[in-house]
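One structure below.
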Amino acid sequence: MPAGVLLAAAPAARRRLRGPVAVGLATAAALAYGLANGPVTAEIRGRTLGYGVNVPWTPLVLTGYLFATLGALLLGGDRRLRTLGVVLAVGALACSALWRLEFASTWCAFAAVASLLVLGWVRGREPAAGGP
């Protein structure tokens, strides 16, 4: 997410996006390490799926993930991306508060719905000068 926002951002906003991109890379590395070294679990919890990835410092990794994804959207400079960031932040809080143990599953469902905002943003953008 942060790399995509960086590539789509206006030049004036790119400096602000260095933090989310760096944190996103570190978070991706920690998650990749956890996936590669296992164990990775999935279990049914009520009517959702609960996922488990063995990563060190889980609260720090989760914070990094949220900062990278939400921070990039909020700092990207585009009004629609900022709106998406606010919607996703509210969704993350709601998912965490309502289904604490099933956060990953509820977050995935919420992110799928929020992707409609991304679709609207992509369709609403004007092509770059000299582009198609």
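The basis for the numbers below is simple: all heavy atoms, side chains too, and nothing from hydrogens, waters or symmetry mates. Quick note: residue numbers are just sequence positions, from 1.
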Taking Tyr65 as the fixed residue, which of Val23, Thr27, Leu60 is the one that meets the side chain to side chain contact (heavy atoms under 4.5 Å, CB included) rule? Thr27
Looking only at non-hydrogen atoms, find the nearest pair between Ala9 and Gly76 and report the distance. CB-O, 4.0 Å
Correct closest heavy-atom pair for Pro2 and Ala72 would be CA-CB, 3.6 Å
Does the Arg82 side chain pair with the main chain of Leu73, one donor and one acceptor, at a distance under 3.5 Å? no
Leu75 backbone acceptor or donor facing Arg16 side chain under 3.5 Å: yes
With clusters defined by side-chain heavy atoms of hydrophobic residues (ILVMFWY) lying less than 4.5 Å apart, directly or transitively, does [Y] cluster with [X]?
| X | Y | answer |
| --- | --- | --- |
| Phe67 | Val21 | no |
| Val55 | Leu35 | yes |
| Leu66 | Leu25 | yes |

Looking at side-chain heavy atoms only, is the closest gap between [X] and [Y] below 4.5 Å?
| X | Y | answer |
| --- | --- | --- |
| Leu31 | Val61 | yes |
| Val86 | Leu74 | yes |
| Thr69 | Leu88 | no |

How many angstroms lie between CH2 in Trp57 and OG1 in Thr63, if you round to the nearest 0.5 Å? 14.0 Å
Roughly how far, to the nearest 0.5 Å, is CG of Leu84 from CZ of Arg79? 12.5 Å
